[in-house]
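So the structure is just underneath, and the comments pick up after that.
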Amino acid sequence: MADNSQKMAYNAGETKGQAQEKASTLMDKAGNAAQSTKDKINEAGQTVQAKAQGAVAAVKDATGMNK
């Protein structure tokens, strides 16, 4: 009987270890996805800012405010 309970305890430990590893992997993937999204938003913000600055410069040129 002790053999059986040892096997059960071992199997429970194995299962717990596998679950922890899967959870860790999922957390890493979620972190990577969040960082990627943050980077894309930053890039989009920089693009919008550059376009806005270009538009302001064009208006200033057109109205002669740049002289």
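Predicted model, so just to flag it, every value in this text is computed and none were measured. The analysis underlying the following values was restricted to heavy atoms, covering all of them including side chains, and did not include hydrogens, waters or symmetry mates.
With sequence neighbours excluded, no residue satisfies side chain to side chain donor-acceptor pair (under 3.5 Å) with Q20. For T63, the side-chain contact (heavy atoms from CB on, under 4.5 Å) criterion is met by V59, M65, not counting sequence neighbours. For Q35, the side-chain contact (heavy atoms from CB on, under 4.5 Å) partners two or more places apart in sequence, or in a different chain, are K38, D39.
Here the CG-CE distance, from N32 to M27, works out to 11.5 Å after rounding to the nearest 0.5 Å. In this structure, the separation between CD on Q18 and CD on E14 is 5.5 Å, given to the nearest 0.5 Å.
Side-chain atoms of Y10 and Q6 form no donor-acceptor pair, as typed in the model, at a separation below 3.5 Å.
With T47 contributing its side chain and E43 its backbone, the two residues share a donor-acceptor pair below 3.5 Å.
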